[in-house]
Amino acid sequence: PTNEAEVEVFSVPSYACQRRTTLENRNTVLTDALSLLAENAELSAEEGRGVAFRRAAAVLKVLPEPVTDMTQLRGLPCLGEHSLRVIKDILENGASSEVESTKQSERFKALKVLTGVFGVGAKTADRWIREGIHDLQQLKDSRQTLNRAQRAGLEHYDDINQPVSKAEADAIGEIVEEAVASVLPGAQVTLIGGFRRGKLSGHDVDFLITHPEEGREVGLMPKIVSWLESQGFLLYQKTTRNSYLESDDGPARPCSNMDRFERCFSVFKLDEDEKRRAGQTQSHHASAEDGGLKPWRAVRVDLVVSPISQFAFALLGWTGSKLFERELRRWAGHEKTMSLSSHALYDNTQRTYLRATSEEEIFAHLGLDYIPPSERNA
Ligand code: ATP
Ligand code: MN
Ligand code: MN
């Protein structure tokens with residue numbers, strides 16, 4: 001395809017929720033570069049730039065072949081001047097100077113290390129950096145007051161920053177199933193987040209819990225947590241009411257149900273035994289060979305409880321990817337004058353909530369083709 005007229009021109013719809021994004025990515029060099037710039041922007045409180053880089057990366061993820069020439073990108077959506085410059089740099093020079101200098105920068109490295117502590121966000125990390133704290137040793141020496149999450153995050157830093165395998169996710173799943181079955185027979189546990197999208201590893205494991213009879217899920221989270229605690233499975237947990245006030249979901253807010261929607265951020269203690277029970281035969285982690293004989297690892301786990309009436313919305317909202325979710329909400333707002341959240345879909349024109357008992361129905365309400373979880377990896 002040397003002739004200009006023969007250059008393959010890709011056609012890609014502009015919203016990620018209109019596209020099928022599998023885990024197969026033929027442009028990882030480019031998407032890794034753009035993702036790193038997105039991450040740096042997000043860590044620097046430049047959310048707009050972060051989203052722009054994420055959108056650009058997501059477009060490249062759906063291209064059927066590796067990009068070799070800038071002309072192939074003509075007419076593609078979401079590729080701004082800045083992203084195009086980065087791509088051009090990589091195609092012409094093998095690397096982007098901006099990406100390389102970001103990677104090397106002391107500030108980026110410090111932000112990565114400090115936000116790697118569970119419970120530490122970009123704002124806290126930034127404050128610490130301004131106080132001269134750039135690494136974990138300096139943090140430990142600084143006598144900063146850490147909250148409970150951050151203390152757990154520091155204590156289990158290496159484990160929490162080690163990717164969770166599918167086998168480990170399955171082992172955690174068995175424990176959660178047992179907990180739920182013990183405290184409320186008939187309640188259902190669904191794996192959500194990246195593992196539902198078919199990822200083979202993740203930074204945590206996410207579960208959605210519901211009961212087929214509306215109302216039976218009320219008060220469930222504390223019972224699950226107590227059971228897990230009594231069995232010694234929890235290194236840390238914080239249960240919160242799911243509050244809409246934290247998000248910009250607007251009127252998609254069925255107030256009467258707000259107090260029923262609970263979540264728990266936790267750190268599980270996963271025994272090697274437990275993993276073997278779940279079918280994993282060997283572990284590369286905490287084995288005798290690294291001298292550490294610790295027969296368990298810490299794993300970040302998120303639990304969400306939803307009433308059955310909101311289950312489809314919670315399932316869709318917690319399966320991700322984060323960009324896919326953002327794009328769904330943008331599509332709903334900009335193209336359909338609707339407000340989508342992980343609780344409900346509100347039609348601002350008709351002034352009514354649109355019911356749904358499956359993800360398929362929600363896509364249909366939104367006028368979108370159904371995209372299965374494995375194709376939401378934008
Ligand atoms: P990973 O494999 O890295 O865990 P992931 O896609 O599972 O990737 P998570 O951060 O676990 O990423 O998030 C899973 C889903 O939960 C995402 O779709 C995200 O939108 C949703 N989510 C995460 N945090 C919140 C929150 N505070 N409020 C609402 N939804 C959230
Ligand atoms: Mn996850
Ligand atoms: Mn999560």
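Every number for a ligand or one of its atoms is a count from 1 in the order of the listing. Since the structure is predicted, the reported quantities are computational estimates derived from the model, not experimental observations. We number each residue from 1, following the sequence as shown.
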> Taking Glu100 for its side chain and Ser97 for its backbone only, find out whether a donor-acceptor pair lies under 3.5 Å.
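Checked: no pair found.
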
> Between the main-chain N or O of Thr319 and the side-chain N or O of Arg197, is there a donor-acceptor pair closer than 3.5 Å?
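It does hold such a pair.
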
> Counting N and O atoms only, with roles assigned by atom type, does the side chain of Arg19 sit under 3.5 Å from a partner on the main chain of Pro13, one being a donor and the other an acceptor?
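Looks like yes, one N/O pair under 3.5 Å.
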
> Is Asp302 close to ligand 1, meaning an N/O of one under 3.5 Å from an N/O of the other?
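In fact, backbone or side chain, Asp302 has no N or O that close.
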
> Below 3.5 Å, N or O to N or O, backbone or side chain included: is there any such pair between Gly193 and ligand 1?
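No - when backbone and side-chain N and O of Gly193 are compared with those of ligand 1, no distance drops under 3.5 Å.
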
> For the pair Lys109 and Glu106, find out whether any cationic side-chain nitrogen is under 4.0 Å from an anionic carboxylate oxygen.
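Salt bridge between Lys109 and Glu106, a charged N being under 4.0 Å from a carboxylate O: yes.
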
> Heavy-atom contacts with Asp204 under 4.0 Å: which atoms of ligand 1 show up? List them by number with element.
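Within the 4.0 Å cut-off of Asp204, ligand 1 contributes 4 (O), 11 (O).
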
> Under a 4.0 Å heavy-atom limit, does Arg326 contact ligand 1 with its side chain, its backbone, both, or neither?
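Arg326 to ligand 1: no contact under 4.0 Å from either part.
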
> Could you label the plane-to-plane angle of the His82 and Phe53 rings as parallel, tilted or perpendicular, counting under 30° as parallel and over 60° as perpendicular?
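Perpendicular.
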
> When you measure from atom 17 (C) of ligand 1 to each heavy atom in Gly320, Pro163, Ser342, which option holds the nearest one?
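Shortest heavy-atom distance from atom 17 (C) of ligand 1: Gly320.
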
> Taking all heavy atoms of Leu208 and all of Leu315, pick out the closest pair and write down the distance.
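That closest heavy-atom pairing would be CD2-N, 3.5 Å.
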
> Which one of Lys322, Arg300, Arg197 has a non-hydrogen atom at the shortest distance from atom 6 (O) of ligand 1?
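Nearest option to atom 6 (O) of ligand 1, by heavy atoms: Arg197.
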
> Could you tell me, atom by atom, which parts of ligand 1 come under 4.0 Å of a heavy atom of Gly317?
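Heavy-atom distances to Gly317 below 4.0 Å select 18 (O), 20 (O), 21 (C).
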
> Given His203, Arg376, Arg263, identify the one with the heavy atom nearest to atom 3 (O) of ligand 1.
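Of the listed residues, His203 has the closest heavy atom.
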
> Relative to ligand 1, is Asp206 under 4.0 angstrom through side chain, backbone, both or neither, heavy atoms considered?
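Near ligand 1, Asp206 shows its side chain, while the N, CA, C and O stay back.
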
> Would you please test Thr240 and Arg263 for side chain to side chain donor-acceptor pair (under 3.5 Å) and show each step?
CA-CA 6 Å; Thr240 58; Arg263 49 192 293 186; 4.6 Å; no

> Taking the six-membered ring of Tyr15, is the NZ or CZ of Arg330 close enough (under 6.0 Å from the centre) and on axis enough (within 45°)?
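Yes - Arg330 lies over the ring of Tyr15, closer than 6.0 Å to its centre and within 45° of its axis.
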
> Rounded to 10°, how big is the angle at the Mn ion (ligand 3) from Asp204 OD2 to Asp302 OD2?
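Roughly 90°, rounded to 10°.
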
> What are the atoms of ligand 1, with element, lying closer than 4.0 Å to any heavy atom of Gly202?
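Reading through ligand 1 atom by atom, the close ones are 2 (O).
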
> Does Glu168 use its side chain to pair, donor to acceptor, with the backbone of Ser165 at less than 3.5 Å?
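Yes; judged by distance alone, with no hydrogens or angles, the pair exists.
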
> Is the shortest side-chain N to carboxylate O distance from Lys166 to Asp170 below 4.0 Å?
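Yes.
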
> At under 4.0 Å between heavy atoms, is it the side chain or the backbone of Glu325 that contacts ligand 1, or both, or neither?
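For Glu325, only side-chain atoms sit under 4.0 Å from ligand 1.
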
> Taking the N/O/S atoms of Asp206 one by one, which is nearest to the Mn ion (ligand 2)?
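Sorting the N, O and S atoms of Asp206 by distance to the Mn ion (ligand 2) puts OD2 first.
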
> Suppose I only count heavy atoms of Lys199 and a 4.0 Å limit; which atoms of ligand 1 are within that range?
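With Lys199 as reference, the close atoms of ligand 1 come out as 1 (P), 2 (O), 3 (O), 8 (O).
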
> Just going by heavy-atom distances, which of Phe324, Phe265, Trp318 is nearest to atom 15 (C) of ligand 1?
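Checking each option, the heavy atom nearest atom 15 (C) of ligand 1 is found in Trp318.
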
